[in-house]
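Quick note on labels: first sequence line is chain A, next is B, and so on, each numbered from 1.
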Amino acid sequence: MTTEATAEATTEAPAAPREYSWRMPANWWTRNRHYFLYTVREFTALPLALWLLWLLVEIRRAGDGPARYAPHSSTAFVVFSVVVLAFALYHSYTFLTLAGTILHFKVLDRPVPARLIVLSQFAAWAAASVVVAFVLIWFAHE
Amino acid sequence: MSEAVKPQRLALMHLFWWFMFAQGGVIAALLIPVHVLVQGILGPLGIVPVVDRHYDTWVSVLGNPLVKLYLLVLIAFPFFHFAHRLRYLLVDFGVPAAKSVPAQVVFYGGAVVVTLVTVYILLTTVPI
Amino acid sequence: MPDKTITVRATRFDPERDREPRMQSYEVPFTDESMVVLDALNHVKSHIDGSLSYRWSCRMGICGSCGMMVNGTPKLTCNAFLRDYWPRPVVVQPLNNFPIIRDLVIDMDDFMHKLKSIKPWIIRKQELPLGAGEHRQSNEQIDDFRQFSECINCMLCYAACPVYGLNNEFLGPAATALARRYNLDSRDQGLKERLPVLGEAEGIWECSFVGECSVVCPKGVDPAKAIQQTKLDTTMRFVLPYGNRE
Amino acid sequence: MDFESYDVLVVGGGLAGIRAAIAAVEANPRVRVGMVSKVYPMRSHTVSAEGGAAAALGPGDSFETHAFDTIKGSDYLADQEVVEAFVREAPVEIIQMEHWGCPWSRNPDGTIAVRPFGGMTTWRTCFAADKTGFHMLHAVFQTSLKYPQITRHDEAFVTKLLVEDSRCVGVVALDIRSGRFDAITAKSVILATGGLGRVYAFTTNGNICTGDGMALAYRAGAGLKDMEMVQFHPTGLPFTGILITEAVRGEGGYLLNKDGERFLKRYVPNKMELGPRDIISRAMTTEFEEGRGFEGPHGKYMHLDVRHLGEKVIDRKLPFMRELGREFLGIDIVTDPIPVRPVQHYMMGGVDANISGETPILGLYAAGECANVGLNGGNRLGSNSLPECLVFGAAAGRAAAHYASSARPVTANPVDAMLWDEARRVEAEYLEKKGGDERIGPIREEMQREMDAGAGVFRTKEGLSRLVRNLGGLRERFEKVRIDDSSRTFNTEIIAALELDFMLEVASVIAFTALAREESRGAHARRDFPERDDEHFLKHTLAFHTNTLAPRLEYSDVHITTFKPQARSY
Ligand SMILES: Cc1cc2nc3c(=O)[nH]c(=O)nc-3n(C[C@H](O)[C@H](O)[C@H](O)COP(=O)(O)OP(=O)(O)OC[C@H]3O[C@@H](n4cnc5c(N)ncnc54)[C@H](O)[C@@H]3O)c2cc1C
Ligand code: SF4
Ligand code: F3S
Ligand code: FES
């Protein structure tokens, strides 16, 4: 249903008035701290992807045979990993918090408070990290 | 009157890619930091022993089918997440073309390629 | 003590004269700590320049008509206190992401269409006759959707959402929150009719969860949550075999 | 001829207007309805209503007591058959609103909950937390979107009713966005334009409550009924006039003077805080005069104290009040008392209409706050207004649809000329006028101050006479008004001028009718005539437009059926 522009125009009314249309400035994401953090959050995808590609290479190199196998250990690589870790932590923090606030369950017909869900997300993160770290380190002794 | 009647259909492709994005995001959030920390920092610096530091341990772990499955999940799923985010990031930076079907083919296709490569590598490297 | 004043810089745009919006400054007496930005605009209109145009009515944060950008943030001007800006000037602009009709007045027809498109009314397979009395509903069932029913259509969320700013086809925060308000109402059975609108390409999937919509919402509606939950629920209906039920 | 023509045209997008539009369509699905509103419908002032809507729903309630409370509250100036019809229809309408999605607060068993309200003997006020009007308006507006027969003209300002051969055939409306004048014709027209609180300086009413519909009907020849009856609500926030709902007292809040005393024991000992608004407002004013009020930067005030209710009750039942306290006063009502003082709130008077909303002008109907169907008499009980909008909005909608189905179509010829005349008038008086030297703002502010001083809670002959004189002076100054804005696009200054024109009109009617009623009844309290005088004034005042500011006054009988007038004490 629209506001119909019909009816007799008696006065020398101007044709449909011009509006000034909105154009999004290209640098919009720098104009507000939240927008910037959002952009960083989305950008984490890139470093994380690169690091996983490295992992793929690391796996592939296991096919090189015992003599030629040499894991990466350059300073540059460590620095790269530190940077990636910062992004990874930011991704985990934002993703789990946000996912926690949108998940909704009911237990005994009562909604589970979002805080609790977020907390359990972080608990799951901690648990997964401990298990993975354990496997990665423990089996190194064999 | 002036209302443009748009065909309204549930966009199933969007739904699927969002689902993959969400799954990948969870996997990435739960698992990636610890791998980066242990394999990317602690291991190379020699602070703790890590499986991939020695050929023997690395191979014996990679030979385990469960590990292979785990690594597939760890690597493939997040790529759907990354593809989705980077595509939208391009949109945010004023490249609406990133929404087009060809762009979708490139981004999600890329994730599919990474998945296939991962499967290939996992199957061919240290076969079970 | 000399009388305190505050500088108000407001956007002026008259399509009959101007090609582009421009800014105009006014000095307004700041006589009372509880004065809001809207009071300053009203002072300008009554005593300095009657041609300044903007919308307002209730002055109590409930009619939703006085939303503007105040120093770059979308705000209800009847709820933005001068004391939070003084002694620096307060800059008032029309809401971002909308076409400007005049001065501080934006064109929100787009939202009115979107609102209608999500069918914001109770849909039932079988109408309950009036004689049968009310549908029973517990306060807990109301709690399920209460938050999403508090939307005053003030458009601050649309002004805050960059995705909407980039693409006006996007259904957007408030409309989705209202759709969810009805979908979650125990009296409503219209989910299936609303899903195609919500789930189409320019619907919920466009939202990349910037979240700023919920940050600026003056009524705690949390439209970002409404959108993500709708994505999740819609997806679950297809992914889980038992999800595909009413 | 291609002007827009409808079967039924509703002027006003508030609760009454939308309810009327839906009723017209449901009465006859072939009826085409137009709805004109000067703001988007969901901005209408109904949105501000907080406390609730009364209806005898509960098992412990009866039509009888709701009717009696209303009639006693009205100080016997209500038309009793109207009240009886009202109390019977109100529950049906509340259920209808429920079916349309209004999120009424509920009892534990899932039925609609009720709360106590001033002047009501039992709990009968249905509520949606403390945003009742907001929820009702949005529910009914959103529901209206599903009817393809309803066409909206948003942000169009009606400047004149088109009357041809003493039949109303439409309106002239200024499309605010384009500045164009349109004739919108219809076989029947329903006025639902709301209240006029903005004629006062200190009011709970929004900027749009400028009495337009009353002035439109008055100028078209309809009578305005009981315009001296203006309600003052006891609990407005000083400075802003924001309303603190009566539900705060309903839920158990105390009114305290500066000695910490619940002073109402001297005025309404049996009802205390649950007394009717007129009496409590007078009690507060008297306490102020006797030096027992707090003094603040914005005048005297009392404390409204809810601290003893506890955070839980406050958050469940009065969340918006807490929000308002926090946002507008910087206090938390859980720990601080709320400063309050009497404030103009509601207009009992309005366009003279009968139980179906019909006015004496053929094809013209009125409903909601702008109408006076005889329900509220000298004082409206809190929470009777929202159901009034529903019941009489629906009645007017049905009657108008019925009339339209047999009325002859509107002819283009005279309409064209009338449109042209009206457009020329507004252009000449405002847009093209040269040499004016007064702004609108100062005239409006002075009118508001004069009304507060002369036609407030207590009135006297001297005060009202002075008011009448000063309003005359303001009218002369208004003739010389100057408009800064020459644009046609969204010219809110022209709107403000047109509104001020209407307000000066209705303000004068209030002043003249108040001067003429030489008694105290309901909200109309004359210092010089402190008693009710049934012998001379158990009558409705009817004011008719003349060529001067002074209306022609007539009086008509009050319809009394069951309840004979008796002393009104609580
Ligand atoms: C703060 C507050 C709290 C209240 N609380 C309660 C309560 O708890 N319970 C209760 O029962 N009542 C309450 N009331 C009273 C009640 O809300 C109103 O009486 C009622 O909402 C009026 O509704 P309406 O539809 O008549 O008018 P409104 O809602 O005021 O609508 C008027 C409509 O007319 C349109 N209009 C006006 N002039 C023109 C014109 N010239 N051209 C075109 N369109 C025009 C407007 O755009 C608007 O859409 C309260 C009132 C206030 C102010
Ligand atoms: S969701 Fe919030 S910000 Fe958006 S329109 Fe509604 S009330 Fe305003
Ligand atoms: S800001 Fe926009 S992108 Fe989504 S979460 Fe809110 S709608
Ligand atoms: S004036 Fe109504 S929300 Fe600000």
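Only the side chain of B/L62 has a heavy atom closer than 4.5 Å to any heavy atom of chain A. Proximity to chain B (any heavy atom under 4.5 Å) is shown, for A/V131, by neither the backbone nor the side chain. Contacts of A/A99 with chain B are absent, with no heavy-atom separation under 4.5 Å from either backbone or side chain. The contact between A/A49 and chain B is made by backbone and side chain atoms together, counting heavy-atom distances below 4.5 Å. Contacts of B/L71 with chain A are made by side-chain atoms alone, with heavy-atom separations under 4.5 Å and no backbone atom involved. Residue A/F122 does not touch chain B at all, counting heavy-atom pairs closer than 4.5 Å. In this structure, chain B has heavy atoms under 4.5 Å from both the backbone and the side chain of A/T39.
Between chain B and the options A/F87, A/W51, A/F43, A/W29, the largest number of non-hydrogen pairs under 4.5 Å is found for A/W51. Per-residue heavy-atom pair counts under 4.5 Å with chain B were compared for A/A70, A/A62, A/A128, and the maximum is reached by A/A62. Ranked by heavy-atom pairs under 4.5 Å with chain B, the list A/A127, A/A126, A/G63, A/A88 is led by A/A88.
B/T57 is not listed as a side-chain neighbour of A/F139, based on a closest heavy-atom distance of 4.5 Å or more. Annotation: side chain of A/L136 is in contact with side chain of B/Q39 (closest heavy-atom distance under 4.5 Å). B/T124 places a side-chain heavy atom less than 4.5 Å from the side chain of A/R60. For the pair A/D64/B/Y55, no side-chain contact is recorded, criterion being any heavy-atom separation below 4.5 Å from C-beta on. Taking the side chain as every heavy atom from C-beta outward, A/F77 and B/I41 never approach each other to under 4.5 Å. Side-chain contact between B/W58 and A/I59 is present, with at least one heavy-atom pair separated by less than 4.5 Å.
Heavy-atom neighbours of chain A within the stretch residues 102-121 of chain B, taken at a separation under 4.5 angstrom, comprise B/V117, B/T118, B/I121. Interface with chain A: from residues 76-101 of chain B, residues B/P78, B/F79, B/H81, B/F82, B/R85, B/L86, B/L89, B/D92, B/F93 qualify, criterion being any non-hydrogen pair under 4.5 Å.
From A/S129, atom OG reaches atom CG of B/L37 across 9.0 Å, with rounding to the nearest 0.5 Å. Note: B/L30 CG to A/L96 CG = 5.5 Å, rounded to the nearest 0.5 Å. A distance of 5.0 Å separates CG of A/L48 from CD1 of B/I32, quoted to the nearest 0.5 Å. Annotation: the span from B/I27 atom CD1 to A/F95 atom CZ amounts to 10.0 Å, rounded to 0.5 Å. With rounding to the nearest 0.5 Å, the separation of CG in A/L55 from NE2 in B/H35 is 7.0 Å.
The backbone N or O of B/P44 lies less than 3.5 Å from no partner atom in the side chain of A/S73, so there is not a single donor-acceptor pair.
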Take B/V38 and A/I137 through the test side-chain contact (heavy atoms from CB on, under 4.5 Å) and record every step on the way to the result. CA-CA 8 Å; B/V38 175; A/I137 296 169; 4.2 Å; yes

